[in-house]
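Okay, structure first, notes after.
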Amino acid sequence: MLCGHSHRREETIENGLLFAQYGCYNQYVGHIELDYNFETRSVTYTKKEAITGYTINNEIQNIDDGIDSIINKYNSECEKAANEVVANNVNGSFASNEQLPNLMCKAIYEKAIDEGYDITLAYCNNARADLNYSTWTYANLYQAFPFDNEIYIIEASYNEMVNEIGKYNYIYRSPQFDGTLTPSKKYLVACLDYLMFHTNSSRYYDYFSDNNGKYVGVLEDNYRIILKDWLIEKGYVNGKQLNSGDYSSSLVDFSRSFTYN
């Protein structure tokens, strides 16, 4: 069983089955050799190791010119998109576990409002990299938000709100929301598909379990494009200053402190 997503290095055998994962950020390459016994129909792991300091370039002896030209063509096209500036007057550090997800939540919130959804708040989990640059490109946004998560509009129950706000998620709250959660109410929220459809090992929805996979709508773009367009539309690409202090979790707009009735 080749594992992923948890960013760990592991080589464990449970009930005769190997579970292997080799870190993250290209730290390791896993090398596993198997022997299969056709008589007993059994598998033994004769070798399992993590190779460090590995680069695929060391293994390449001959490059096919036709394939190489195709790769170069699309690399060139990708570079144009990657180098597009989306903000050029950024002040302060935007951390992956605070300012960046808060910024994303605000962009998602305003996009949902623009598309006609009167939501109470927007949810987002951690970014994947800090951005400490005075100028941001689309490649920087991709570095921080490398997934193509869609944004779903859902009716969340009181229990779901309490459960999700209390976890590792970040939010932007509607200015009309006083921060009081009531058991009998449902709340219209914008939520990443990862959170919305998260299931446990038994395939039961465990983040928004009362919602059970139901949703009201889906925003037009994925969350990274929503943020890119929002930055451009707000004028940050034209020199308007983007301040990290405006996206602190200590501010009411991003506070996860609520009153529970």
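Computed from a predicted model, the values in this text were never measured in an experiment. Atoms considered below: every heavy atom in the structure, side chains included; atoms not considered: hydrogens, waters and symmetry mates.
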Open item on the list: Applying side-chain contact (heavy atoms from CB on, under 4.5 Å) to L121 and V189, what does each step give before you reach the verdict?
Closed with: CA-CA 5 Å; L121 53 83; V189 302; 3.8 Å; yes
Open item on the list: I'd like to know whether L181 forms a side-chain contact (heavy atoms from CB on, under 4.5 Å) with T259, so could you lay out the CA-CA distance, the side-chain angles of the two residues, the decisive distance to 0.1 Å, and finally the verdict.
Closed with: CA-CA 6 Å; L181 294 174; T259 300; over 6 Å; no
Open item on the list: Using the side chain to side chain contact (heavy atoms under 4.5 Å, CB included) criterion, which residues pair with N200? Sequence neighbours excluded.
Closed with: S202, Y204, D206
For residues 215-225, which side-chain N or O atoms pair as donor and acceptor with protein atoms under 3.5 Å away, sequence neighbours left out?
residue, atom, partner, partner atom, Å
N222, OD1, R224, N, 2.9
N222, OD1, I225, N, 3.0
R224, NE, Y138, OH, 3.0
R224, NH1, F145, O, 2.8
R224, NH1, F147, O, 2.7
R224, NH1, D148, OD1, 3.4
R224, NH2, D148, OD1, 2.7

Task: Evaluation steps, salt bridge (Lys or Arg N to Asp or Glu O under 4.0 Å), between K48 and E33 - done: CA-CA 6 Å; K48 49 187 186 298; E33 293 182 4; over 6 Å; no
Open item on the list: If you compare all heavy atoms of I171 against all heavy atoms of S255, which two are closest, and at what distance to 0.1 Å?
Closed with: CD1-O, 3.2 Å
Task: Heavy-atom pair with the smallest gap, counting every atom of L251 and G245 - done: CD1-O, 3.6 Å
TODO: Compare all side-chain heavy atoms of Y28 with those of R9 and state whether any distance is below 4.5 angstrom.
DONE: yes
TODO: Could you tell me which residues satisfy side chain to side chain donor-acceptor pair (under 3.5 Å) with T120, sequence neighbours excluded, listed by chain and number?
DONE: none
Task: Distance in Å, L192 CG paired with I151 CD1, rounded so as to fall on 0.5 Å steps - done: 4.0 Å
Open item on the list: So, using ring-ring contact (aromatic ring centres under 6.0 Å, His included) as the criterion, who are the partners of F197 when residues are at least two apart?
Closed with: Y152
Open item on the list: My understanding is that only residues two or more places apart in sequence, or in another chain, count here; which of them pass ring-ring contact (aromatic ring centres under 6.0 Å, His included) with Y158?
Closed with: none
- [ ] Quick one: pull up CD1 in I154 and CG in N212 and give me the separation to the nearest 0.5 Å.
- [x] 11.5 Å
Task: E155 vs K214 side-chain heavy atoms within contact, under 4.5 Å - done: no
Open item on the list: Would you compute the distance between atom OG1 of T180 and atom NZ of K185 and round it to the nearest 0.5 angstrom?
Closed with: 9.0 Å
TODO: With sequence neighbours excluded, tell me which residues meet side chain to side chain contact (heavy atoms under 4.5 Å, CB included) with Q176.
DONE: Y109, S174
TODO: Sequence neighbours left out, what passes ring-ring contact (aromatic ring centres under 6.0 Å, His included) with Y74? Give chain and number order.
DONE: none
TODO: Sort and list the pairs that fulfil ring pair (Phe, Tyr, Trp, His ring centres under 6.0 Å) and have at least one residue in residues 113-133, not counting sequence neighbours.
DONE: Y123-F208
TODO: Applying side chain to side chain donor-acceptor pair (under 3.5 Å), name anything that partners N238, two or more places apart in sequence or on another chain.
DONE: none
TODO: Would you check if the side chain of D229 reaches a backbone N or O of I226 as a donor-acceptor pair within less than 3.5 Å?
DONE: no
Task: From CA spacing to verdict: side-chain contact (heavy atoms from CB on, under 4.5 Å), L227, I108 - done: CA-CA 7 Å; L227 178 56; I108 291 171; over 6 Å; no
- [ ] Specify the closest pair of heavy atoms between K240 and K234, including all atoms of both residues, with the distance to one decimal.
- [x] CD-O, 3.2 Å
- [ ] Report yes if some heavy atom in the side chain of C105 is under 4.5 Å from a heavy atom in the side chain of C124; otherwise report no.
- [x] yes
TODO: Flag the pair W136 / L131 as yes when at least one side-chain heavy-atom distance between them is below 4.5 Å, and no otherwise.
DONE: yes
Task: Nearest non-hydrogen partners of S93 and S244, listed with the distance - done: O-CB, 3.2 Å
Task: Cation-aromatic face contact R256/Y170, 6.0 Å, 45 degrees - done: yes
TODO: Go through the steps to decide whether N211 and Y205 satisfy the test side-chain contact (heavy atoms from CB on, under 4.5 Å), and finish with yes or no.
DONE: CA-CA 8 Å; N211 215 281; Y205 296 104; over 6 Å; no
Open item on the list: So L17 and F19, do their side chains get closer than 4.5 Å, heavy atoms only?
Closed with: yes
TODO: Using only heavy-atom distances, determine whether the side chains of Y207 and E160 contain a donor-acceptor pair under 3.5 Å.
DONE: no
Open item on the list: Using the rule that Ile, Leu, Val, Met, Phe, Trp and Tyr join whenever any side-chain heavy atoms are under 4.5 Å apart, tell me whether F254 and V252 fall into a single cluster.
Closed with: no
- [ ] State, with a plain yes or no, whether a side-chain heavy atom of T44 is found less than 4.5 Å away from one of N37.
- [x] no
Task: Test ring-ring contact (aromatic ring centres under 6.0 Å, His included) applied to F258 - qualifying residues, sequence neighbours left out - done: F177
TODO: Check the pair Y45 / E11 against side-chain hydrogen bond (donor to acceptor under 3.5 Å, both in side chains), numbers first and verdict last.
DONE: CA-CA 11 Å; Y45 307 100; E11 295 161 323; over 6 Å; no
- [ ] Would you check if K47 and I32 make a side-chain contact, meaning some heavy-atom pair closer than 4.5 Å?
- [x] no
- [ ] Provide the closest heavy-atom pair for S69 versus G66 in the form atom of the first, atom of the second, distance.
- [x] OG-O, 2.7 Å
- [ ] Determine, stepwise, if the pair N149 / D193 fulfils side-chain hydrogen bond (donor to acceptor under 3.5 Å, both in side chains).
- [x] CA-CA 6 Å; N149 289 113; D193 52 7; 2.6 Å; yes
Open item on the list: Quick check on D118: does its CG atom have over 12 non-hydrogen neighbours (other residues, nucleotides or ligands) under 6.0 Å away?
Closed with: no
Task: Nearest-0.5 Å distance that lies between atom NZ in K106 and atom CH2 in W230 - done: 5.0 Å
Show which side-chain atoms of residues 78-91 pair as donor or acceptor with protein atoms under 3.5 Å away, not counting sequence neighbours.
residue, atom, partner, partner atom, Å
N83, ND2, E79, O, 3.1
E84, OE1, K228, NZ, 3.1
N88, OD1, G239, N, 3.1
N88, ND2, V237, O, 3.0
N89, ND2, G239, O, 2.9
N91, ND2, N243, OD1, 3.1

TODO: Could you tell me whether the side chain of M196 reaches within less than 4.5 Å of the side chain of Y194, counting heavy atoms only?
DONE: no
Scan the side chains in residues 94-103 for donor-acceptor partners under 3.5 Å anywhere in the protein, sequence neighbours excluded, and list what turns up.
residue, atom, partner, partner atom, Å
S96, OG, D130, OD1, 3.1
E98, OE2, S248, OG, 3.4
E98, OE2, S249, N, 2.9
Q99, OE1, A95, N, 3.1
N102, ND2, E98, O, 3.2
N102, ND2, Y247, O, 2.9
N102, ND2, S249, OG, 3.1

